[in-house]
Amino acid sequence: MSKQSEMIIYQTQDGLTQIDVTFDNDTVWLSLDEMASLFQRDRSVIGKHIKNIFTDGELQRDSVWAKFAHTANDGKEYLVDYYNLDVTILCL
């Protein structure tokens with residue numbers, strides 16, 4: 001992720017859902033968990049949508065997917081899959 005990335009907080013009108021969105025290189029990046037929270041769907045449902053997007057050739061994975069390092073509550077750093085706005089829109 002570039003040094004110019006920003007974190008944007010999205011909150012639903014009812015205030016029940018809040019998502020930290022990564023904005024980098026003129027697009028929004030969300031993890032699978034963040035998309036599941038945004039669309040209020042099970043993580044497995046979003047994962048199936050993403051798999052179908054790539055299997056059907058709607059998008060090429062390398063152009064819409066990235067791994068970003070994040071530090072978890074346990075203090076360890078983990079690489080997490082993120083998908084750009086194009087994937088998020090197709091998961092609607």
Side-chain angles (χ1 to χ4, degrees):
M1 195 173 349
S2 75
K3 293 179 182 177
Q4 304 255 333
S5 65
E6 297 177 44
M7 184 68 71
I8 300 168
I9 298 174
Y10 168 81
Q11 188 169 12
T12 57
Q13 287 182 343
D14 61 13
L16 298 176
T17 302
Q18 179 176 314
I19 300 169
D20 297 331
V21 178
T22 302
F23 185 77
D24 186 53
N25 292 326
D26 295 325
T27 191
V28 171
W29 294 88
L30 292 169
S31 69
L32 192 142
D33 289 336
E34 290 167 339
M35 280 190 263
S37 181
L38 176 65
F39 299 127
Q40 299 178 339
R41 297 286 181 250
D42 189 82
R43 187 179 192 278
S44 65
V45 172
I46 301 299
K48 287 177 188 175
H49 280 295
I50 292 171
K51 181 181 177 211
N52 288 337
I53 288 167
F54 298 139
T55 300
D56 295 344
E58 292 180 77
L59 296 172
Q60 296 301 313
R61 187 173 197 241
D62 291 341
S63 64
V64 295
W65 164 80
K67 280 197 177 279
F68 297 148
H70 284 278
T71 304
N73 291 336
D74 62 6
K76 295 180 184 177
E77 191 171 276
Y78 295 92
L79 290 177
V80 177
D81 290 337
Y82 275 75
Y83 303 92
N84 78 1
L85 183 59
D86 297 334
V87 176
T88 304
I89 290 169
L90 289 175
C91 283
L92 282 173

Problem - Test item: side-chain donor near acceptor, S31 and D33, under 3.5 Å - result: no
Handout entry: Enclosure of D26 CG (heavy-atom neighbours >12, cutoff 6.0 Å)
Key = no
Exercise for the section: Indicate yes or no: at least one non-hydrogen side-chain atom of L32 is less than 4.5 angstrom from one of R43. Expected result: yes
Practice task
Enumerate the residue pairs fulfilling side chain to side chain donor-acceptor pair (under 3.5 Å) with a member in residues 80-92, sequence neighbours excluded, ordered by first and then second residue.
Solution key: W65-D81, K67-D81, H70-Y82
Completion exercise
Note: L92 and F39 closest approach over all heavy atoms is CD2-CE2, 2.9 Å
Exercise for the section: Find the distance between CZ (R41) and NE2 (H49) and round it off to the nearest 0.5 Å. Expected result: 8.0 Å
Atom pairs and distances, side-chain donor-acceptor, residues 53-63, under 3.5 Å, sequence neighbours left out:
residue, atom, partner, partner atom, Å
T55, OG1, K51, O, 2.9
S63, OG, Q60, O, 2.8

Problem - Shortest non-hydrogen contact between V28 and F23, atoms and distance - result: CG2-CD1, 4.0 Å
